2 protein chains.
Amino acid sequence: MAATIKDIAKKTGLGLATISKYLNGGNVLEENKAAIEEAIKELDFRVNEFARGLKTSKSKTIGVVIPELSNLFCTSIITIIEDILRQNGYGILVCDCRTDEKLEYEATEFFVNKMVDGIISMPVSRDGGHLKLPLSKGIPVVLIDRKVEGLNVDAVLVDNVAAAENAVEYLISYGHREIGIICGPEGIFTSHQRQLGYSQAFIKKGIFPKQELMTYGDYTVESGYRCLNELIKKSESLSAVFVTNYEMTLGAIIAINELGIKIPEQISLIGFDNMHMAQVVKPRLTIISQPIHKIAENVAHIMLKRLSQEKNEDAEIVHLSTELIVGESVQDRTHL
Amino acid sequence: MAATIKDIAKKTGLGLATISKYLNGGNVLEENKAAIEEAIKELDFRVNEFARGLKTSKSKTIGVVIPELSNLFCTSIITIIEDILRQNGYGILVCDCRTDEKLEYEATEFFVNKMVDGIISMPVSRDGGHLKLPLSKGIPVVLIDRKVEGLNVDAVLVDNVAAAENAVEYLISYGHREIGIICGPEGIFTSHQRQLGYSQAFIKKGIFPKQELMTYGDYTVESGYRCLNELIKKSESLSAVFVTNYEMTLGAIIAINELGIKIPEQISLIGFDNMHMAQVVKPRLTIISQPIHKIAENVAHIMLKRLSQEKNEDAEIVHLSTELIVGESVQDRTHL
DNA sequence: AATATAAAGCGAAACGTTTCGCTCTCTAAA
DNA sequence: TTTAGAGAGCGAAACGTTTCGCTTTATATT
C-alpha cells in the first residue's frame, strides 16, 4: 500500500541505491534530487523504519526509566531531554517505575527488547542491577542524579550533600539551632545525600544533629504536609525547617499557613527546586535550586555523543552544583 | 552477533517455521517446546523487532501527545495508561507539546514516521488537524478530554460543564452569590467547558454572571496564586472561589493562607482533582474529582480493542462524570 | 482395516531498506 | 593527448522475521 523506494526509483527512473543515498544525505545531482523530492511528495513516501532498522540495527529510540512521573523534577527534566532528542530524530519511550526496583528492572528489559538505542535512567536500585543487561549489549546508558559504584557509566550528578550542607549552614549562620529536616524516602540515594549534608553542617560546627528533628516523607505534597506537622509536634523550640524537594515544600507551606504560623517570624524555611514558584509566593522563598536545564541538556548531549561514536571512551561524570537562592523566608536571629 | 531463530533452529534441529510458531503461540510438541526454551535461554535469544515489524507492520508502540508533562492530571493518566499498555506488550512514546499546536502536529507526524500502532492525544488544536495524517493511514486514535467535531474518533470525555455547574450550584445553594472562578487558558476546550458550567449555574438561577469575577490562569500553581490575588483585589464581597484544576488550586490555597484569610469563615473554596491532597489539608477541601483511573483505563482498553480488531466500527465515545467530594471548605451562609 | 481429520513440522519467499563492489562520465593535471 | 581521480549512479545481496502451501505422522471414526 505505502510507497517504497522502489516506487520512487521507478517513478524517477533512478536506481535504488541512488534513492537510498539521497535519503541518507549522499551526493546526488541537483536535478535528480529535485525529481526524487517530487516523487516523494507525490507518493507521500515515508521511510519504512522497520526495514531501515533491520539493516542498521538502530531504532532511533531512547528508553527513559524514572521513579515517578508525578514528580516535577523528573518531568521537567524529561520534557527538555525529549525536546533535544526529538530534534535529533530520536523518540523517547517512557516508563515510570513507581520507585520499585522490580518494575525498574522489567522496564529496562522491556526497552532492550524494544531495541532502544540508549537508556536514560534515574535509578532506584542501589546496585544498578537493571543496567547490566543493556550494558552487556553495548547499549549506552546515561544516569541522572546517581552514580552506581562499580559501573563505568556516564552520569550527570548534582552535589546534594553540598546543597543540603549549604542550606543548613546558612540557617546556622543566621542563628538557628533547632532545625528540622524533611527528608525523602529512606532507601533513595539523593534523599540520603541531602540528609548527610544536613548532619555534616551541624557536625562541622561541633553540634550533634538531633534524631527527632529528622522526618521522612516520600517526595509528595501530602508527605511534606504530614512531616511538617510532625516536626511542630516534636519540637517546641523549632525555629527553621529545611525541605528537600519541591512537592514536600509545597506541602510544608500549606501546613505552616494552616497552623497560622508566620514565615519567617515564627519559623524559617528553606525549600527545594522550582524557582518560579519560590519567587511568586510571599514571603519569597529561600530555596536550593537545582540546575534542571543544565542537567537535562547534559544528559541529552552525552547520550547523543555516545550514539554517534563507535568506540566507547571512559565514562563521563558531570558534576553540577546547586545554588542557594536567597529570599525572605529565613529570619536573622543573630541579634535576638 | 545476537542469536536469531536460525540459531535456535540449528540448535534444536527444528525448522524455522516451528520456532516462529512457538514464538507466536502456535502448537508445538511439549518436548520441542522444552528444547526451544532451553536453546533460547542458552543463546539469550530475543526476537528482532525490526524483522518482525517488517513482516507484520506492527511496532507494538503507541504515541502519546499531551499538552504538558508538568501537569498532574496528564501524568497521572499517562502512568496508568503506560502500565496497562506495557502489560500488553506495548511501549509508549511520549511527547509533551507545551500546549502548542504546531508542536502537536509535528509530534504526531513524528510518531507516524516512527511507525506507532496507535495514537493517544489530549488535543490542543480545536480542529484536530494533527490527527488527519494518522487517521488517513488507518492508525487508531483515542482522544482524552476532548471530542473533535467532524472526526469519527474514539474519545473518553468528562462532563466538565456539569462538573463546574455542580460546583457553583452547590455554592449558590449554600447562600453564596459573589463567586469567583479561576479558569484555565482561554483557548483550551476543558477550560472553556468549565467556564460555561460556571455561567450556566448562575443563569439557571436567573443571575447574570459577572465578568470581573472570572480570571484566567494557565493551569499552573503560579497562575492560581496570581488569580486568587486578582479576585481579592477586584471584589470586596467575594465569598467563594471555584478553581478549575489541581495546580491552580494549590496556588490559590497558598495565596489565601498568605493573606491570612480563613477558609471557610472568610472565603469558601471548591478545588479540582487530587482527592488525596484534598483530604490531607485542613480544612478538608471540597473538590470536584475527576475519575482519573477510569479515564486512563478506558483510554487504554479502547486502544487495545482497536489494535486487535480488523474492521473499524463506529467511534466509541465514553462519557464519565465527575464527583463533588464534600469537605469543609464551604461555609453555609443560608442562615446568616 | 480403511479412511478422515487434526497436529506438528518444513522450506522458500517476501517484507523494504542499506551497502558492497562495480561501472561510467567528466574534469583536471601531466 | 593521456591518465587519474572524483562524482554519480547501478544491481544484488543481506538483515531476521512471518506466512503460505505443503508433507508427514498420529489419532479418531467408521
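Since the model is a prediction, treat every value here as computed from it, not as a measurement. In the text below, chain A, chain B and the rest are named by the order of the sequence lines, each starting its count at 1.
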Options C/dA8, C/dT17, D/dT17, nucleotide nearest the side-chain atoms of A/V47: C/dT17
Nucleotide nearest B/L16 when distance is taken to its side chain, options C/dC10, D/dA14, D/dT18: D/dT18
Nearest-nucleotide pick for A/I5, side chain only, options being D/dG16, C/dT18, D/dA8: C/dT18
Distance below 4.0 Å between A/T18 side-chain N/O and D/dC10 OP1 or OP2: yes
Among D/dT19, D/dT17, C/dT18, the one nearest B/A17 by side-chain distance: D/dT19
Protein-nucleotide distance (B/R52, atom CZ; C/dG16, atom C1'), rounded to Å: 18 Å
Nucleotide C/dA6, atom P - distance to CG of B/L29 in whole Å: 18 Å
Separation of atom CG in B/N48 from atom C1' in C/dT17, rounded to whole Å: 13 Å
Closest listed nucleotide, where the reference is the side chain of B/T4 and the choices are C/dG16, C/dC20, D/dT17: D/dT17
Donor-acceptor under 3.5 Å (A/N298 side chain, A/K294 main chain): yes
Interatomic distance where CD1 belongs to A/I19 and C1' belongs to C/dT19 [whole Å]: 15 Å
Atom-pair distance (OH on B/Y22; P on D/dT17), nearest Å: 14 Å
Nearest-angstrom distance from the residue atom NZ of A/K21 to P of D/dA6: 14 Å
B/K6, nearest nucleotide to its side chain (from C/dG16, D/dT17, C/dT19): D/dT17
Rounded distance (Å) that lies between atom P of C/dC20 and atom CG of A/N24: 12 Å
Nucleotide of C/dA8, D/dG16, C/dT17 approaching B/K55 most closely (side-chain heavy atoms): D/dG16
Minimal non-hydrogen separation, B/I84 against B/N88, with atom names: O-ND2, 2.9 Å
Of the listed nucleotides D/dT19, C/dT18, C/dC20, the one nearest the side chain of B/S20: D/dT19
Whichever of A/L54 and A/V28 has its nearest DNA chain D nucleotide further upstream toward 5': A/V28
Nearest non-hydrogen partners of A/K114 and B/G91, listed with the distance: CE-N, 3.7 Å
Under 3.5 Å side-chain donor-acceptor pair for B/T12 and B/Y22: no
Whole angstrom value for the distance that separates P of C/dG16 from CG of A/D7: 9 Å
Donor-acceptor under 3.5 Å (A/D154 side chain, A/E316 main chain): yes
